[in-house]
Amino acid sequence: MYSRDGRDVLRTPALDENDARWFGERGFSVVQSLVMLCRDVRHDPRREVHSIPDRDDESIAPWSWRRLRTRRHEAMVEELLAVDATSFGAPWNMTSDAFETACRATGDHVVLVASRTAHQVAGYALVGRSATNAYLQRLAVHPALRRRGIARGLVRAGLAWAHDHGASNVFVNTEPHNEAALALYASLGFVADPRRLVVLERPVTWPNDGVTSR
């Protein structure tokens, strides 16, 4: 739930057509359409012939929410959310609560952080695993540092993590008109999944809405 124009709004996660139909029958409207992509990681992606490390790969460090949530690393979380806000405009950017929820959404996860210096986050990826499926839940790179191989390095590190943690496939979704993201994922072996996803919203109606107190 988030606030827009002074009203509380409920938003669903990305849903397939069957689940979306249930919400549509209850007053939710589609606000975003997404395409899903899938990458097989049963074989180690690092052993593929075309897998040549970028210069930025070595600067990617794995973090967990358990570590990030400590007082000692509050500044790191703030930097991650700041980068996220530069990549996803409101209301699509992550709040601290949404970030925590995303980290806890799967049984296992990793936050991959790309740093240019010890005090500057260049970008990050959030990858979660549930059984044999892994999900690239978030990918954000600071606009000033794009086109330097950082996003590619983050996705590649996410594929390697998924393989090492027993996943067979990695799924990611993006908007159908995001040509840069689609080209990146295709170059790393992702293929289109026939399923389509949507995000829906509905304004919250509270019991006292429209009622004047006396």
Side-chain angles (χ1 to χ4, degrees), residues 13-17 19 33-68 80 83-84 87-88 94 98-115 121-141 146-176 178-199:
L15 302 172
D16 63 26
E17 293 179 352
D19 291 334
S33 297
L34 301 165
V35 295
M36 183 185 292
L37 306 167
C38 180
R39 169 63 151 87
D40 188 325
V41 290
R42 286 173 293 181
H43 301 289
D44 192 343
R46 290 161 296 199
R47 295 183 178 274
E48 295 175 356
V49 175
H50 68 273
S51 182
I52 302 173
D54 285 339
R55 61 183 182 277
D56 291 297
D57 287 6
E58 296 180 356
S59 65
I60 296 173
W63 292 70
S64 67
W65 173 246
R66 182 177 180 180
R67 182 182 176 197
L68 285 169
L80 293 173
V83 170
D84 194 272
S87 298
F88 301 92
M94 286 273 201
F99 184 74
E100 178 179 359
T101 298
C103 289
R104 295 178 178 274
T106 54
D108 198 6
H109 76 277
V110 66
V111 181
L112 299 163
V113 180
S115 300
V121 170
Y124 82 95
L126 171 58
V127 185
R129 181 188 63 83
S130 180
T132 59
N133 289 330
Y135 305 90
L136 178 55
Q137 297 166 258
R138 200 71 161 181
L139 176 66
V141 175
R146 290 175 184 169
R147 300 185 181 278
R148 303 187 187 189
I150 296 172
R152 178 178 296 274
L154 286 166
V155 176
R156 192 151 45 201
L159 295 175
W161 179 90
H163 168 81
D164 292 346
H165 287 74
S168 298
N169 296 288
V170 176
F171 293 91
V172 64
N173 59 64
T174 189
E175 293 180 306
N178 190 340
E179 296 180 0
L182 291 170
L184 170 65
Y185 296 135
S187 72
L188 290 170
F190 284 85
V191 296
D193 188 286
R195 289 171 291 178
R196 291 293 181 266
L197 303 176
V198 292
V199 177

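In this chain, residues are counted from 1 in sequence order. Remember, it's a predicted structure, so these values are computed and weren't measured experimentally.
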Practice task
Find out whether W161 and D108 are in side-chain contact, i.e. whether some heavy atom of one side chain is under 4.5 Å from a heavy atom of the other.
Solution key: yes
Problem - Gap separating the CG atom of L159 from the CG atom of D40, nearest 0.5 angstrom - result: 10.5 Å
Exercise for the section: Please check if atom CZ in R42 has more than 12 non-hydrogen atoms from other residues, nucleotides or ligands closer than 6.0 Å. Expected result: no
Exercise for the section: Please answer whether the main-chain N or O of H109 pairs with a side-chain N or O of T106 as donor and acceptor at a distance below 3.5 Å. Expected result: no
Exercise for the section: Could you grab the distance from atom OG1 of T174 to atom CG of L139, nearest 0.5 Å is fine? Expected result: 9.0 Å
Practice task
For S87 and R146, test the side chains for any donor-to-acceptor distance below 3.5 angstrom and give the result as yes or no.
Solution key: yes
Problem - Test item: Q137 and V127 side chains (from C-beta on) under 4.5 Å apart, heavy atoms - result: no
Completion exercise
Heavy-atom closest pair (V111 atom, C103 atom, distance to 0.1 Å) is CG2-SG, 4.0 Å
Practice task
Please report the closest heavy-atom contact between A192 and L37, naming both atoms and the distance.
Solution key: CA-CD2, 3.6 Å
Exercise for the section: Starting at CG of D16, measure out to CE of M36 and round the result to the nearest 0.5 Å. Expected result: 7.5 Å
Completion exercise
For S33 and V198 the tightest heavy-atom approach is OG-CG1, 4.1 Å
Exercise for the section: Determine whether R104 and W65 make a side-chain contact, defined as any pair of heavy atoms from C-beta on separated by less than 4.5 Å. Expected result: yes
Practice task
Look up atom OG in S168 and atom CZ in R39, then write down how far apart they are to the nearest 0.5 Å.
Solution key: 12.5 Å
Problem - For the student: nearest non-hydrogen atoms of L34 and P176, plus distance - result: CA-CD, 4.3 Å
Completion exercise
Shortest non-hydrogen pair, L184 vs V155, comes out as CD2-CG2, 4.2 Å
Problem - Value rounded to 0.5 Å, distance of CG in N169 from SG in C38 - result: 4.0 Å
Exercise for the section: Verify, without hydrogens or angle tests, whether R66 (side chain) and W63 (backbone) share a donor-acceptor contact under 3.5 angstrom. Expected result: no
Handout entry: Under 3.5 Å side-chain donor-acceptor pair for Y135 and N173
Key = no
Problem - Close side-chain approach of Y124 to D84, heavy-atom, < 4.5 Å - result: yes
Practice task
Supply the atom-to-atom distance L197 CG to L15 CG, rounded to the nearest 0.5 angstrom.
Solution key: 8.0 Å
Practice task
Report yes if the side chains of P45 and H163 come closer than 4.5 Å at any heavy-atom pair, otherwise no.
Solution key: yes
Exercise for the section: For R147 and G149, indicate whether the former's side chain and the latter's backbone hold a donor-acceptor pair under 3.5 Å. Expected result: no
Handout entry: Heavy-atom donor-acceptor pair, R129 side chain to H165 backbone, under 3.5 Å
Key = yes
Fill in the blank from the handout: Closest non-hydrogen atoms of G123 and L154, given as atom of the first, atom of the second and distance, are C-CD1, 3.8 Å
